[in-house]
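Letters A, B, ... are given to chains in the order of the sequence lines, protein chains preceding strands, and every chain is numbered from 1. For the numbers below, each heavy atom of this structure counts, side chains included, while hydrogens, waters and symmetry mates do not.
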There are 2 protein chains.
Amino acid sequence: MKCPYCGEQDSKVVDSRHSEDGSSIRRRRECLLCGKRFTTYEIVESLPIVVVKRDGSRQSFDRNKILNGMLRACEKRPVSLAAMEGVVDDIEQYIQNSLEREVRSEEIGELVMDKLKQMDEVAYVRFASVYRSFTDVNSFMQELNKILAEK
Amino acid sequence: MKCPYCGEQDSKVVDSRHSEDGSSIRRRRECLLCGKRFTTYEIVESLPIVVVKRDGSRQSFDRNKILNGMLRACEKRPVSLAAMEGVVDDIEQYIQNSLEREVRSEEIGELVMDKLKQMDEVAYVRFASVYRSFTDVNSFMQELNKILAEK
DNA sequence: GGTCATTACTCAACATATAGGGTTTTTGCT
DNA sequence: AGCAAAAACCCTATATGTTGAGTAATGACC
């Protein structure tokens, strides 16, 4: 393990601990050349997740697709890119933690909607309108009324 | 190390290799419960990088600031978010690999400009105009002429 | 300035990982 | 399809990491 201070290739482990959930190992290392210490993390390679679309077709999970959907819904809305990325991070991690190798696209949509609802209701309705394929003004109104009623 | 398939906490190492540059270790593990195999990476915790601004003030490195600058320069330009994130990734890694704990903000600006120049010249000039604080139309024209001359 | 939580540090008994060489399979590319 | 590169696999001798417990230092928050 290369020392981040001097570049030496060899280092030894001084301490090693499991993270709370056991999903990673934190090691404290010491460079054999300069003696400086540093921390490393051993993490599981993220396994390829497959998204099952409504028509039954499958494609590999792509976080950028989620982000793009959010970007569209949040255009001109006061939602920062960082916040959106945070949501995508949360969702990605949630799916990874679920131990499932397949997710229905609906499930992802619901997750995004839950988060958006808390962040910006306009963005939420926009997203839902695309996502739930609101076909007429009526269903759009119903959703708006539901939001208003909850207030 | 938690098994990504069944969630069991214990696993054993079956194989372990250094990455080419020694900056990480790839391990092949086998779950003690379900017997499935998976890959892990041990990586150095990224050390806090300090950016030294032109006036000498220091603040911690923030990749979002770089991304924001690029987003502004690339508005309405055919540069994908993914491409911009790729540039930021490259720059972050370049700095991490340099083993320096401090970078001048100018250096970061130059890196961004190099990349942008290859991707989209309009975005490049926009970025440079902010970055180099072009004070008048003249210097802007000079930069444009330089680009044209290079063609 | 005090408190809680997280990270750092040290020690000792025990077990499991490493390095390196070689083979096979998978994946990405044209 | 056909090549090259990367990843997975398997082996053996050797030494290095792991675990638990307790203490100390550091950072975030009020």
Side-chain angles (χ1 to χ4, degrees), chain A residues 1-51 57-65 82-83 86 89-90 93 96-97 101-102, chain B residues 1-51 57-62 64 80 82-83 85-86 89-90 93 96-97 101-102:
Chain A
M1 182 63 70
K2 189 158 90 176
C3 170
Y5 297 101
C6 72
E8 166 68 15
Q9 292 290 351
D10 272 6
S11 61
K12 66 174 184 186
V13 175
V14 179
D15 197 20
S16 89
R17 304 287 147 178
H18 290 266
S19 71
E20 204 177 322
D21 62 353
S23 72
S24 66
I25 298 175
R26 210 184 89 230
R27 295 190 178 83
R28 192 78 183 141
R29 290 180 170 268
E30 185 174 299
C31 173
L32 297 184
L33 183 66
C34 71
K36 286 220 179 70
R37 292 184 167 193
F38 55 95
T39 301
T40 64
Y41 289 90
E42 181 175 349
I43 54 178
V44 179
E45 174 191 50
S46 49
L47 297 173
I49 299 283
V50 172
V51 179
S57 69
R58 272 143 225 264
Q59 50 182 133
S60 58
F61 176 88
D62 180 351
R63 51 173 291 132
N64 283 315
K65 287 187 180 161
D89 285 346
D90 286 353
Q93 220 179 319
Q96 287 288 355
N97 287 342
R101 296 289 72 110
E102 296 196 338
Chain B
M1 181 63 66
K2 189 158 88 178
C3 170
Y5 296 101
C6 73
E8 165 69 16
Q9 292 291 349
D10 271 7
S11 61
K12 67 174 183 185
V13 175
V14 178
D15 197 22
S16 89
R17 306 279 152 175
H18 290 266
S19 71
E20 204 178 323
D21 63 353
S23 71
S24 67
I25 298 175
R26 210 185 88 231
R27 294 188 178 84
R28 192 76 183 144
R29 290 179 170 270
E30 186 174 300
C31 173
L32 297 185
L33 184 66
C34 70
K36 288 221 179 71
R37 292 184 167 194
F38 55 96
T39 302
T40 65
Y41 290 90
E42 181 176 348
I43 54 178
V44 179
E45 175 191 50
S46 50
L47 297 173
I49 299 283
V50 172
V51 178
S57 69
R58 270 143 227 264
Q59 48 183 134
S60 58
F61 177 88
D62 181 352
N64 283 316
S80 70
E85 283 178 331
D89 284 346
D90 286 352
Q93 219 180 318
Q96 287 287 354
N97 286 342
R101 297 287 72 103
E102 296 196 339

For this session: Would you mind building the protein contact string for nucleotides 4-23 of chain D? One character per nucleotide, 5' to 3', B for base within reach (heavy atoms under 4.0 Å), S for sugar-phosphate only, - for untouched.
Result: ---SSBB------SSBBB--

Indicate yes or no: at least one non-hydrogen side-chain atom of [X] is less than 4.5 angstrom from one of [Y].
| X | Y | value |
| --- | --- | --- |
| V13(B) | R28(B) | no |
| R29(A) | K12(A) | no |
| V44(B) | K2(A) | no |
| R26(A) | T39(A) | yes |
| T40(B) | I43(A) | no |

Exercise. What are the two closest heavy atoms between F38(B) and C31(B), and how far apart are they?
Worked result: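 Residues F38(B) and C31(B), closest heavy atoms: CE2-N, 4.2 Å.
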
Problem set entry | Nearest atoms (heavy-atom pairs only) where C6(B) meets C3(B) |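 Scanning both residues completely, I find the closest heavy atoms to be N-SG, 3.3 Å.
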
Problem set entry | Estimated bend of the helix from dG1(C)-dC30(D) to dT30(C)-dA1(D) (axis per five terminal pairs, rounded to 10 degrees) |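 One end axis against the other gives 120°.
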
For this session: Let me know the distance between CD of Q9(B) and C1' of dT16(C), rounded to the nearest Å.
Result: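 Checked: the CD to C1' distance equals 18 Å.
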
For this session: Would you mind checking if E42(B) and R27(B) are paired as a salt bridge, meaning a charged N to carboxylate O distance below 4.0 Å?
Result: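 Yes, this pair counts.
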
